[in-house]
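Down below is the structure, laid out as structure tokens.
From a predicted model like this one, the values you see are computed outputs, not experimental measurements. Because only heavy atoms are used, hydrogens play no part in the values below, and waters and symmetry mates are left out as well, while side chains stay in.
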Amino acid sequence: GIALRKFSKGMIQRLGLAFGRMAEALRRREERWGAEGRLGAALTTPLDPDATAASALREVVAFTRANIAAVYLVDGGGLRRVAGHAVEGSPEVLPREGMLAEALEAGRPVLLTSVPGDLPFRIGVGFGELRPRSVLAAPLCSRGEQIGVLLLGAVVRTDLKGAITLDVAP
């Protein structure tokens, strides 16, 4: 017959945790694949940039669970908002400076976990405004040109940067 080894309670718990982490990683991967498919469909539907940005932003917000989000496109020396989620009270036009300029110049996401008080990215709520605890600025590129910035904010500590793994073909 087969010899059965007796495992300690600690070993069984560690094994259970390992399988739980694997299941969570698989669930997040499936969610990401689904979000990538929906985002791809959203990007191919309308020819209107504002409608495309709004449709894509809905999918990104659903996937990342961001509390506040906006798409800003380069417009002269600044950035003009073309789509937003819970952005009431945030400006329509932002200067091309700080983390926004850094994301555009570096061509990679910039994450702030200590959000400065002067960052004009706030969440309007019934009794006032909340400042996000973390903000991510991800550059938007088309044919090698930086065309805008995706801003995501969360009021709870979360891994916004890890959530931005959506691969979109140019």
Side-chain angles (χ1 to χ4, degrees), residues 25-124 131-170:
L26 286 172
R27 185 187 63 75
R28 288 295 291 167
R29 186 181 320 160
E30 287 177 4
E31 284 180 1
R32 189 184 87 224
W33 288 341
E36 286 174 350
R38 290 187 304 275
L39 180 58
L43 292 173
T44 59
T45 313
L47 295 177
D48 174 36
D50 293 2
T52 300
S55 181
L57 187 62
R58 276 191 300 276
E59 293 302 328
V60 170
V61 166
F63 178 71
T64 62
R65 297 181 183 97
N67 302 106
I68 183 170
V71 174
Y72 285 89
L73 295 182
V74 173
D75 187 13
L79 295 160
R80 180 180 52 85
R81 187 174 70 219
V82 294
H85 169 76
V87 291
E88 301 77 17
S90 294
E92 292 284 327
V93 177
L94 292 175
R96 195 172 171 167
E97 57 188 36
M99 74 182 298
L100 304 174
E102 185 181 342
L104 286 169
E105 290 166 12
R108 61 178 166 65
V110 174
L111 178 66
L112 290 180
T113 53
S114 294
V115 178
D118 63 345
L119 186 73
F121 198 51
R122 302 187 184 280
I123 302 163
R131 215 175 55 180
R133 292 181 79 173
S134 59
V135 175
L136 177 86
L140 301 173
C141 308
S142 176
R143 298 184 177 122
E145 180 185 349
Q146 308 290 6
I147 61 167
V149 176
L150 167 67
L151 273 177
L152 299 175
V155 295
V156 295
R157 297 258 183 247
T158 186
D159 184 17
L160 288 174
K161 195 167 187 176
I164 297 299
T165 56
L166 298 174
D167 299 317
V168 181

Can you tell me how far CZ of R81 sits from CG of L151, rounded to the nearest 0.5 angstrom?
10.5 Å
Closest approach of L79 to P95 (non-hydrogen atoms, all atoms of both residues)
CD1-O, 4.4 Å
L150 side chain reached by L57 side chain, heavy atoms, under 4.5 Å:
yes
Provide the closest heavy-atom pair for M99 versus V135 in the form atom of the first, atom of the second, distance.
CE-O, 3.5 Å
Would you sort out whether I147 and V74 count as a side-chain contact (heavy atoms from CB on, under 4.5 Å), showing the intermediate values?
CA-CA 6 Å; I147 61 167; V74 173; 5.6 Å; no
Closest non-hydrogen atom pair between P139 and Q146, with its separation
CB-OE1, 3.6 Å
Main-chain N/O of V155 paired with N67 side-chain donor or acceptor, under 3.5 Å
yes
Atom CZ in R96, atom CG in D75: separation rounded to 0.5 Å?
11.0 Å
Tell me, with the steps shown, if V149 and L94 meet side-chain contact (heavy atoms from CB on, under 4.5 Å).
CA-CA 11 Å; V149 176; L94 292 175; over 6 Å; no
Is there a side-chain contact between L136 and L111 in this structure, where contact means two heavy atoms from C-beta onward sitting under 4.5 Å apart?
yes
Which atom of A137 lies closest to which atom of A103, heavy atoms considered
O-CB, 3.6 Å
In short, A69 meets V87 closest at the heavy-atom pair O-CG1, 3.2 Å
